[in-house]
Amino acid sequence: MRRILYLFFLLVAYQAIGQQTRSYPIQKLEQAPNIDGEIESMWNQLPVASDFITSQPIFGKKPSGSTQFRMGYTDLALFILVECNSKFVRADGTQRDELGTGEWISLAFDTWNDQQNSLVFYVAASGAQTDAKHGLDGLATGFDAVWQSEVIKTSDGWLAEIRIPFVSLRFPVLEEHTWGLQVQRYNTDQGELSSWSPQDPLVSDWERQYGELNGLSNIGQETRHQLVWYTNYDQYKFETAFNRNRSFNTGMDARLGWRSNSSLDMSHYYPVFHPYLKPVAA
């Protein structure tokens, strides 16, 4: 009986160690980087988080392509740089609030640290943005925030440079913050979904498997009204008799804030012209 109890407690202790919560120590920036596709040297001064774990198609494996990220913040916004290495990157064009069929990364923040709700920001390799809320009822796309991102293609894959204003988030008024944090990547070429904090697909409670974002202090929401106008232009090739597809669209994101836990988010998308196909010249 004593041996059985000993083995039981040993197993519990082993699982507790293996499931230790990951933590990212975010640092405050003296100067905010420009979200313009030019990677500035200040990114190299921030801690690097890597060692992603696959969730699909098999949980717990090392992904075929490496992913890493860095985070910093100012009094007004979060800044994130995500680096995705891969031999082949599928970057199919799509409109805002649609992930499409290409590769993407996502950032999820449980700003109330209640392990029940989170705000999720997606950036596709094509540059398209999607934002959504996640809660006990699943993923809801009725959340439209004002934020910026820029995608850079590299010889090793692609990078996403992101700015998320605190005015686009909701969080309690505290001097020191600990948020739930999850960063994911979907590699279309390999059909792999990987996560910074291990995300078991058999566990329905997403937020309970998040890591932690530590180090945020004295952040506020001084300005709660924002308006951003954006345009998207996509051009990519097909290996068919029709070799070019172009699309151009424009839209507007707006936020009207009242209190720290309530705001009105609006988004309008307008296609200037629809995709068309141009035959190959003879």
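Numbers here simply count residues along the sequence, with the first being 1. Just the heavy atoms: all of them, side chains too, but no hydrogens, waters or symmetry mates, feed the values below. Everything numeric here is computed off the predicted structure, so don't read it as measured data.
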Distance-only donor-acceptor pairs under 3.5 Å for side chains of residues 45-67, two or more places apart:
residue, atom, partner, partner atom, Å
Thr54, OG1, Ile58, O, 2.6
Thr54, OG1, Lys61, N, 2.9
Thr54, OG1, Lys61, O, 3.3
Ser55, OG, Ser195, OG, 3.4
Ser55, OG, Gln199, O, 2.7
Ser64, OG, Glu192, OE1, 3.1
Ser66, OG, Asn85, ND2, 2.9
Thr67, OG1, Arg185, NH1, 3.0

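- For the atom pair OG (Ser86) and CG (Asn187), the distance works out to 4.5 Å, reported to the nearest 0.5 Å.
- Applying the side-chain hydrogen bond (donor to acceptor under 3.5 Å, both in side chains) rule to Ser106 yields no partners; only residues at least two apart in sequence or on another chain are considered.
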Result block: side-chain N/O donor-acceptor pairs under 3.5 angstrom for residues 151-159, not counting sequence neighbours:
residue, atom, partner, partner atom, Å
Thr154, OG1, Asp156, N, 3.3
Thr154, OG1, Gly157, N, 3.0
Thr154, OG1, Gly157, O, 3.3
Trp158, NE1, Glu103, OE2, 2.8

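- For the pair Arg96/Asp131, a side-chain contact is recorded, criterion being any heavy-atom separation below 4.5 Å from C-beta on.
- Rounding to the nearest 0.5 angstrom, the gap separating the CG atom in Leu119 from the OG1 atom in Thr111 is 5.5 Å.
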Before giving the answer on side chain to side chain contact (heavy atoms under 4.5 Å, CB included), spell out for Phe143 and Val120 the whole-Å C-alpha distance, their side-chain angles and the decisive distance to 0.1 Å. CA-CA 9 Å; Phe143 170 64; Val120 192; over 6 Å; no
Only distances under 3.5 Å count here; give the side-chain donor-acceptor pairs of residues 26-42 to other protein atoms, sequence neighbours excluded, each with its distance to 0.1 Å.
residue, atom, partner, partner atom, Å
Lys28, NZ, Asp75, OD1, 2.5
Asp36, OD1, Glu38, N, 3.0
Glu40, OE2, Asn34, N, 2.7

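- The shortest heavy-atom contact between Ala77 and Pro165 is CB-CA, 3.7 Å.
- Closest non-hydrogen pair, Thr21 versus Gly211, comes out as CG2-CA, 3.9 Å.
- In this structure Asn113 satisfies the side-chain hydrogen bond (donor to acceptor under 3.5 Å, both in side chains) test with no other residue, sequence neighbours excluded.
- Under the 3.5 Å distance criterion, the side-chain polar atoms of Ser197 are matched with a main-chain donor or acceptor of Gln209.
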With side chain to side chain contact (heavy atoms under 4.5 Å, CB included) as the test, would you mind laying out the steps for Leu78 and Leu169 before giving the verdict? CA-CA 10 Å; Leu78 289 170; Leu169 303 171; 4.1 Å; yes
Give the C-alpha distance, both sets of side-chain angles, the deciding distance and a yes or no for side chain to side chain contact (heavy atoms under 4.5 Å, CB included) between Ile105 and Ile162. CA-CA 11 Å; Ile105 58 99; Ile162 303 163; 4.0 Å; yes
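- Summarising the geometry of Ser126 relative to Ala91, their closest heavy-atom pair is CB-O, 3.8 Å, with the distance given to 0.1 Å.
- Going from atom CZ of Phe121 over to atom OG of Ser149 covers 11.0 Å, rounded to the nearest 0.5 Å.
- Checked against side-chain hydrogen bond (donor to acceptor under 3.5 Å, both in side chains), Thr188 has no partners two or more places apart in sequence or in another chain.
- For Glu212, there are no salt bridge (charged side-chain N to carboxylate O under 4.0 Å, His left out) partners at least two apart in sequence or on another chain.
- Two residues are said to be in side-chain contact when any heavy atoms from C-beta on lie closer than 4.5 Å; Val89 and Asp189 fail this criterion.
- Nearest heavy atoms, Trp147 versus Ile164: CB-CA, 4.1 Å.
- Across Asn214 and Ser23, no two heavy atoms sit closer than the pair ND2-OG, 2.5 Å.
- Taking Ile, Leu, Val, Met, Phe, Trp and Tyr as hydrophobic and joining them when side-chain heavy atoms fall under 4.5 Å apart, one finds Trp206 in a cluster with Tyr210.
- With sequence neighbours left out, Tyr122 forms a ring-ring contact (aromatic ring centres under 6.0 Å, His included) with Trp104.
- Scored by the side-chain hydrogen bond (donor to acceptor under 3.5 Å, both in side chains) test, Glu207 finds Ser118, His134 as partners (sequence neighbours excluded).
- Ile219 CD1 to Glu176 CD: the interatomic distance, rounded to the nearest 0.5 Å, is 10.0 Å.
- You'll find the side chain of Glu175 reaches within 4.5 Å of the side chain of Asn218, heavy atoms only.
- Summarising the geometry, atom OG belonging to Ser217 is positioned 8.5 Å from atom NE2 belonging to His177; distances are rounded to the nearest 0.5 Å.
- Salt-bridge check for Arg208 with Asp200: failed, with every basic side-chain N at 4.0 Å or more from each acidic carboxylate O.
- Once rounded to the nearest 0.5 Å, the distance linking CZ of Arg22 with CD of Gln182 reads 9.0 Å.
- Listed by chain and residue number, Asp110, Trp112, Gln116, Asn117 satisfy the side chain to side chain contact (heavy atoms under 4.5 Å, CB included) test with Asp114 (two or more places apart in sequence, or in another chain).
- Remark: aromatic rings of Tyr24 and Phe69 are close, center separation under 6.0 Å.
- Counting only residues at least two apart or in different chains, salt bridge (Lys or Arg N to Asp or Glu O under 4.0 Å) contacts with residues 76-90 comprise Arg70-Glu83, Arg90-Asp92.
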Verdict with reasoning, Tyr73 to Leu216, per side chain to side chain contact (heavy atoms under 4.5 Å, CB included): CA-CA 8 Å; Tyr73 77 102; Leu216 289 170; 3.6 Å; yes
